[in-house]
Amino acid sequence: MENFIPGQRWISNTESELGLGLVLEAAYNRVTVLFLATGEKRIYARDNAPLTRVKFSPGDTIEAIDGSKITVQSVSENNGVITYIGRNKAGKEFRLEEMELNHHIQFNKPQDRLFTGQFDPPSWFSLRYDTWRRLREHHQSPVKGLMGGRTSLIAHQIYIAHECANRLAPRIMLADEVGLGKTIEAGMILHHRLINGLSSRILIIVPETLLHQWLVEMLRRFNLRFSIVDEERCRNINLENELAEEEFDEEPRENEDVFVNEQLVLCSQSFFSRYPNRQKQALEAGWDMVIVDEAHHLEWSEANPSPEYLFVEQLGLQTPSLILLTATPEQLGKESHFARLRLLDPDRFYSYSRYLEDEKHFEPVANAARALLAEETLTDEAAAALQALVKDDNVEGLLKNLNNPEKSAHARAQLINVLLDHHGTGRILFRNSRHTVQGFPDRERYGYALEGQENRDDLEQDPRFGWLVDTIKRFGDDKALLICKEAQTAIDLEQTLRNRTGIAAAVFHEGMTIIERDRAAAYFADQESSARLLICSEIGSEGRNFQFVHQLILWDLPVNPDLLQQRIGRLDRIGQKHIISIHVPYLRGSEQELLFRWYDEGLNAFRHNNSAAQHVADELAAELDALLAARDFDLLDGFIAKTRERSAVIEAELHQGRDQLLELNSCRKDIADKYIDALQRFERESHLWQYMEDVFDSYGVDTEFHSPDCFIIKPSDHLRTSHFPSLSEDGMTATINRSIALAREDFQFLTMEHPMVSGAMDLVISSETGNASINVVRHPGLKAGQFLLECLFVAECSAPPELQIGRFLPPTPIRVLIDQNKQDLTDTVDYDDLIDAGITFDKSKIVTFINNQRHHLTQMLGVAEQRAQTDKQELVQHAAREMLGSLAEEIKRMMRLQKVNPSIKPEEIEHLKDMTLLAHDNIESAELKLDAVRFLITN
């Protein structure tokens, strides 16, 4: 076990970019290290910490925090902490405590390995160089953070993810209609922020019924391993702490709970409701981001907010980023909608009455946008109103061009962009609807009028049961989802089918534990399983996705149209490949027949989503209840006609009242298409599998062709490391094809952001392997018998993650080639033109020769470093220009927006200015390290 002492300096073997670490605490079996260059803190297990003790020797030049340098003459150690004694350039003696060393110091001395004969095959040097080049390309990609998800490239999802994830601290409401992928959008945002280091501690709060679905979705789609925290787990943690305190006779450790120890946490809303003491622990743990699903369940009124609402409010006040998911932004009323906006921006949405007043001010914006989007000719009055609305935006020229056939399209587009900046909730609320998003399947409905009486006591005697058996057989291999109102009905149906007909079905209801429900859903989803039917109670109609099924059976019908749409929405989602067949059996003369005809003929609710349906149902509730109670079919036709009439009127009103500007701002298709093109181009041109094969060959991982773009990956008996990242002993099947990954969830989807790929890259560059190599090469421009030194330097700067310095100056490899006459051949001899001659050599003789030439080679290294420093300075200057240009433009845009949109806060602009200055300082302080060296002999 390493002897860690507070005050010592260590460096991470796996994250050298963090700079020099300072030991803060070494207690029990853990050591805490602070990396001051980046502000990162790490806690390691003492017995296997990936750390190396930093010790300099006499003759070394070291740098202090203030930038002064001394040449070490002697070293003393007191209680494990080192003091260096040396002289500066002026000859003055200095004593430097190791705590005073520059935090940005990087360590890697491949030349020492070369001189001592510790060199590796040339393929390792090539792998190292290729890895650095790929990492740089990934860092600078505009779609970094978006490429790793197992998701279809759908415009509105890509747009929302990129638009929100890059904000300083996204506080947004995702309110897309059912089936448009709010969970995927939230997952894409948090995946992006985790990949880019913008967030690290995430808390997700969801309804208990969706707990494991979120867990599986985050893992399956984004390779994010969340920990479910419930009361049982909290108690187990407390018990472990108590046992540890007894064993070591320690004082009780406060805050030693699961919320503190886990980075990605998933909890149910009911868990916090049932155990208020856990709310306090969650609040004390501190989070970078909180996500709340089904946020419309948080009840609020000015006089009496619910405890659940107050808890999320407290979380929101102390958490930088807050994301709320709801499919009903205003359906539950303006007050409910205001309540959620208040959670996101309490400074702006502080008064409900003021909110209603502000809404009126945005009506002219919406009206102007509606005219522009409809490509209507603006009246003089409308043009004057528009000019008054955007008087500070210098749009006179655009208004003049509206009636110019050649310039009108561009002018309209520019004016719409200006109006988008004026939009009230445009930066907070994102709502896409089926009106604007394409890709949904058609729906067909089939009604079955059956003779006979309902029989709940003996389902086999119920006419619907015989119909069900015949229908399942008629479906053949097609799987079907059946939804009914009550859990007992679901249980009885499954048992009767199994016992009386031998038909295997899975059952899913609220009486089951969450794990039991997930097992049932997984059993049904498995294409190899015998279950062709999943029977759900009403609980199955919210949150679950079954778009791999296209046969839906409604055993009974709910009275609530929203519930009906939620049921159908389990199948009617983006990604559904087939026409959805909706089957409704009903008994003649029954309440169900009335409901079927009302939904079908009055609301057309089976074939299409009817946004007016719930409004109509609320308006006609008393008449519907009376009709159902009396089962009066004589009055049904009149009621259906009235329903159709009211539905048409309300649909027209809703369409007229649609916030088209909000819909446009929720998906800027031109921007989304640009990112989709970039993603597709990156996937097409990255040649990722070719690189991974090189990594697998080097580390002893076996690969086998499975099918086009798919491969079987297994650890071999000659694995070079104890564990290859994300590879189990049983191996796995992987694909590099997004379409295949979406169709085959049992395959891993390898991208630059998959844990196996990123872990493999870390493995390559964090180890010494490949940083010293010897090679005999051929090149038409080089005479035989020469020796050269090929150096691989890396320019990098240690900076806080939120600066995203990698966009401008990622770790960048700088290759330099120096011949034995100390001539720089970098620009005349390309790396790829040096051909391996395939000649073996006597290692001992080469080592002897290298040591005899040590002084000369050291001078060659000095020449190489001078060239690399020049290249690094050019990189720094270019990166600084790019950064200043990009952030200055963003600051100007935000200042312009702030004049017309109160959601832009002054502190947001000030933070951008501070980030610009800090980024400039960090770029200017970029360090150069020698990462690898290759001794070349020409043949």
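If you read the sequence from its start, that first residue is 1, and numbering goes on from there. Below, all heavy atoms of this structure are taken into account, side chains as well, without hydrogens, waters or symmetry copies. Nothing here was measured: the structure is a model prediction, and the numbers come from that model.
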From the list Phe119, Tyr699, Tyr129, ring pair (Phe, Tyr, Trp, His ring centres under 6.0 Å) with Trp124 holds only for Tyr699
With a 4.5 Å cut-off on side-chain heavy atoms, are Phe125 and Leu792 touching?
yes
Is there side-chain contact between Leu127 and Tyr691, with at least one heavy-atom pair below 4.5 Å?
yes
Could you grab the distance from atom CD of Gln823 to atom CE of Met860, nearest 0.5 Å is fine?
10.5 Å
Distance (rounded to the nearest 0.5 Å) between Leu857 CG and Gln820 CD:
10.0 Å
Is any side-chain heavy atom of Asp824 closer than 4.5 Å to one of Ile818?
yes
Give, for atom CG of Leu887 and atom CG of Leu803, the distance between the pair rounded to the nearest 0.5 Å.
9.0 Å
Measuring only between side-chain heavy atoms, which start at C-beta, is Leu788 closer than 4.5 Å to Glu790?
no
Between Arg134 and Asp130, does any side-chain N to carboxylate O distance fall below 4.0 Å?
yes
Show your working on salt bridge (Lys or Arg N to Asp or Glu O under 4.0 Å) between Arg42 and Glu40 and close with a plain yes or no.
CA-CA 7 Å; Arg42 298 282 190 270; Glu40 297 284 329; 2.9 Å; yes
Throw together a table of side-chain donor-acceptor distances under 3.5 angstrom for residues 709-723, partners on residues two or more places apart or in other chains.
{"from": "Asp709", "atom 1": "OD2", "to": "Asn737", "atom 2": "ND2", "distance (Å)": "3.2"}
{"from": "Ser716", "atom 1": "OG", "to": "Gly700", "atom 2": "O", "distance (Å)": "2.4"}
{"from": "Ser716", "atom 1": "OG", "to": "His718", "atom 2": "N", "distance (Å)": "3.1"}

At what distance, to the nearest 0.5 angstrom, does OH of Tyr675 lie from CG of Leu146?
8.5 Å
Find out whether Ile765 and Leu135 are in side-chain contact, i.e. whether some heavy atom of one side chain is under 4.5 Å from a heavy atom of the other.
yes
Has the side chain of His103 got a donor or acceptor atom that lies under 3.5 Å from a matching backbone atom of Gly21?
no
Evaluate the criterion side chain to side chain contact (heavy atoms under 4.5 Å, CB included) for residue pair Glu77 and Thr83; output intermediate values, then yes/no.
CA-CA 6 Å; Glu77 189 170 336; Thr83 301; over 6 Å; no
With sequence neighbours left out, the residues meeting salt bridge (charged side-chain N to carboxylate O under 4.0 Å, His left out) with Glu100 are none
Heavy-atom count around Met99 CE within 6.0 Å, excluding the residue itself: above 12?
no
Please table the atom pairs, donor to acceptor, closer than 3.5 Å between any side-chain atom in residues 772-787 and protein atoms at least two apart or in another chain.
{"from": "Ser773", "atom 1": "OG", "to": "Asp120", "atom 2": "O", "distance (Å)": "3.0"}
{"from": "His779", "atom 1": "ND1", "to": "Gly781", "atom 2": "N", "distance (Å)": "2.9"}
{"from": "Gln786", "atom 1": "NE2", "to": "Lys783", "atom 2": "O", "distance (Å)": "3.2"}

Min side-chain heavy-atom separation Asn166-His162 under 4.5 Å:
yes
When rounded to the nearest 0.5 angstrom, what is the spacing between NE2 in His920 and CE in Met883?
5.5 Å
Using 0.5 Å steps for rounding, measure from the CD atom of Glu693 to the OG1 atom of Thr703.
5.0 Å
Give the C-alpha distance, both sets of side-chain angles, the deciding distance and a yes or no for side chain to side chain contact (heavy atoms under 4.5 Å, CB included) between Leu928 and Ile814.
CA-CA 9 Å; Leu928 186 73; Ile814 299 174; 4.0 Å; yes
